[in-house]
There are 2 protein chains.
Amino acid sequence: MTESIKNKIRTIPNFPKQGIMFRDITTLLKDKDGLREVVEILEKKYKDIEFDYVVGIESRGFIIGGILAHKLGIGFIPIRKKGKLPSEVIKEEYDLEYGKDVIEIHKDSLKKGDKILLLDDLIATGGTALASCKLIEKVGAIVEECASIIDLPELGGSKKINDYLKKNDDEKKVFSIVQFEGE
Amino acid sequence: MTESIKNKIRTIPNFPKQGIMFRDITTLLKDKDGLREVVEILEKKYKDIEFDYVVGIESRGFIIGGILAHKLGIGFIPIRKKGKLPSEVIKEEYDLEYGKDVIEIHKDSLKKGDKILLLDDLIATGGTALASCKLIEKVGAIVEECASIIDLPELGGSKKINDYLKKNDDEKKVFSIVQFEGE
């Protein structure tokens with residue numbers, strides 16, 4: 001099933017800039033079987049774990065994040081870019097290749113001890129996902145698991161996030177459905 | 001059920017600027033019963049109508065749009081802000097209070113005759129939703145229905161879109177779960 005999902009992801013060379021192989025999930029999400037299979041895999045993996053919320057990262061993380069929250073019967077909370085959330089926020093800054101970026105979450109959206117499933121579409125260098133983990137922890141909530149449709153393991157993000165989240169050597173806290181390496 | 005949904009939507013005065021009463025759905029989506037009820041209403045309304053795709057408008061339209069596509073067993077297609085989609089796009093420009101904005105859809109995402117359920121979180125003046133209808137029609141696809149969680153009828157957007165989409169006087173092409181008027 002994973003191979004058929006991978007085949008539905010389109011690669012666009014040189015987007016958003018020269019040298020980047022952009023993995024485009026729009027072709028996967030528009031395919032009804034592809035969308036269903038992605039949700040089935042994530043639901044199966046997480047249905048027996050107790051979470052309070054799915055937190056999805058703007059904006060592609062909203063699509064699968066929303067579906068998964070609904071399937072698991074829990075609520076959905078967005079992490080957004082700067083200035084988008086209307087009520088009081090907490091912020092986390094993180095480094096980009098050039099410059100910095102900021103993500104925000106509503107301060108009152110989480111409470112201490114809330115168990116979170118963090119969702120994004122893709123993990124590359126892991127900058128946004130790691131900043132999201134720190135943002136969630138700032139209010140005392142716990143990132144129990146971090147999931148994505150795609151991982152680019154060569155960029156080291158998924159390992160970095162797993163090292164950050166795991167409480168012992170054997171723990172695997174980061175999951176992706178498909179991986180792209182050297183292709 | 002609609003009243004309980006409305007009560008879960010938070011109003012933030014003066015966001016994003018003075019004089020605007022911002023209707024914040026994050027409090028609704030984080031509530032597991034609220035999220036479930038929203039999805040139930042939309043699923044019930046649309047389950048017997050034949051659509052090819054749900055098209056969701058960036059970025060809050062991605063959350064409920066994704067869930068609804070999954071529930072209806074069809075694919076999801078995003079309409080995004082300028083420069084976000086990686087492959088060839090078609091564009092539609094529309095007027096803002098000051099200046100203009102552009103939305104885009106992948107050119108190859110739709111084909112002639114595709115039946116579309118268009119989804120956004122809120123219809124206010126209807127500028128974005130109307131531009132989205134025109135964008136979808138540019139490739140020959142058909143916006144069969146346009147749905148939102150919230151309508152602000154006093155701003156006239158839902159009427160404008162319905163007038164644009166309806167093929168005869170009685171047709172009701174635009175649906176919202178809750179309405180905020182003079183409050």
Side-chain angles (χ1 to χ4, degrees), chain A residues 8 10-16 20-36 38-40 43 52-56 58-78 80-81 83-88 105-106 108-110 114 121, chain B residues 8 10-16 20-36 38-40 43 52-56 58-78 80-81 83-88 105-106 108-110 114 121:
Chain A
K8 284 167 184 163
R10 171 168 61 176
T11 297
I12 314 272
N14 304 317
F15 183 89
I20 303 282
M21 299 291 273
F22 187 89
R23 311 302 178 171
D24 176 18
I25 58 165
T26 66
T27 41
L28 170 65
L29 301 179
K30 102 164 229 198
D31 184 291
K32 66 177 194 289
D33 298 319
L35 182 61
R36 184 179 42 75
V38 164
V39 174
E40 274 173 15
E43 188 189 8
D52 294 294
Y53 301 103
V54 170
V55 173
E58 182 169 13
S59 62
R60 284 185 297 264
F62 287 4
I63 306 168
I64 293 295
I67 302 175
L68 196 59
H70 179 70
K71 292 294 275 187
L72 298 176
I74 57 181
F76 176 82
I77 294 171
R80 299 204 64 179
K81 312 258 163 68
K84 300 283 185 179
L85 288 169
S87 191
E88 196 181 350
I105 196 167
H106 271 145
D108 61 2
S109 62
L110 292 173
D114 276 344
D121 66 317
Chain B
K8 284 169 182 161
R10 170 169 61 177
T11 296
I12 313 271
N14 304 316
F15 183 89
I20 304 282
M21 299 290 272
F22 188 88
R23 311 303 178 170
D24 176 17
I25 58 164
T26 66
T27 40
L28 170 65
L29 302 179
K30 103 164 231 199
D31 184 291
K32 65 179 195 290
D33 298 319
L35 182 61
R36 183 180 41 75
V38 164
V39 175
E40 274 173 16
E43 188 189 8
D52 294 295
Y53 300 103
V54 170
V55 172
E58 184 169 12
S59 61
R60 284 184 297 264
F62 287 4
I63 305 168
I64 293 296
I67 301 175
L68 196 60
H70 179 70
K71 292 295 276 188
L72 298 175
I74 58 182
F76 175 82
I77 293 171
R80 298 204 64 180
K81 312 260 163 66
K84 298 283 186 179
L85 289 169
S87 192
E88 198 181 348
I105 196 168
H106 270 145
D108 61 2
S109 62
L110 292 172
D114 277 343
D121 66 318

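Residue numbers start from 1 in every chain, and the chains themselves are labelled A, B, ... in the order their sequence lines are given, proteins ahead of strands. Quick caveat: nothing in here was measured; it's all calculated off a predicted structure. We use all heavy atoms of the structure for the numbers below, so side chains are in, but hydrogens, waters and symmetry mates are not.
The distance from atom CD1 of I74(B) to atom CZ of R36(A), rounded to the nearest 0.5 Å, is 14.0 Å. Separating the CZ atom in F76(B) from the CD1 atom in I25(A) is a distance of 9.5 Å, to the nearest 0.5 Å.
Between G73(A) and K32(B) the shortest heavy-atom distance is O-CD, 3.1 Å.
Looking only at side-chain heavy atoms (C-beta outward), T26(B) and L85(A) come within less than 4.5 Å of each other. Residues H106(B) and D24(A) form a side-chain contact, since some pair of their non-hydrogen atoms from C-beta on lies under 4.5 Å apart.
Among the candidates P86(A), G56(A), G61(A), G75(A), the residue making the largest number of heavy-atom pairs closer than 4.5 Å to chain B is P86(A). With respect to chain B, the highest number of heavy-atom pairs below 4.5 Å among L35(A), L28(A), N14(A) belongs to L35(A).
For P78(B), the part lying near chain A is the side chain, with the backbone staying farther off; criterion is any non-hydrogen pair under 4.5 Å. With a threshold of 4.5 angstrom between heavy atoms, I12(A) approaches chain B through side-chain atoms but not through N, CA, C or O. Proximity to chain A involves both the backbone and the side chain of F62(B), based on heavy atoms less than 4.5 angstrom apart. In this structure, chain A has a heavy atom under 4.5 Å from the side chain of F22(B), while its backbone stays farther away. Of the two parts of I63(B), the backbone and the side chain both hold a non-hydrogen atom closer than 4.5 Å to a non-hydrogen atom of chain A.
Between D108(A) and K30(B) no salt bridge is recorded (no basic side-chain N to carboxylate O distance below 4.0 Å).
H70(A) pairs in a side chain to side chain contact (heavy atoms under 4.5 Å, CB included) with only one of the listed residues (I64(B), V39(B), L68(B)), which is V39(B).
A donor-acceptor pair shorter than 3.5 Å cannot be found between the side chains of R60(A) and S59(B).
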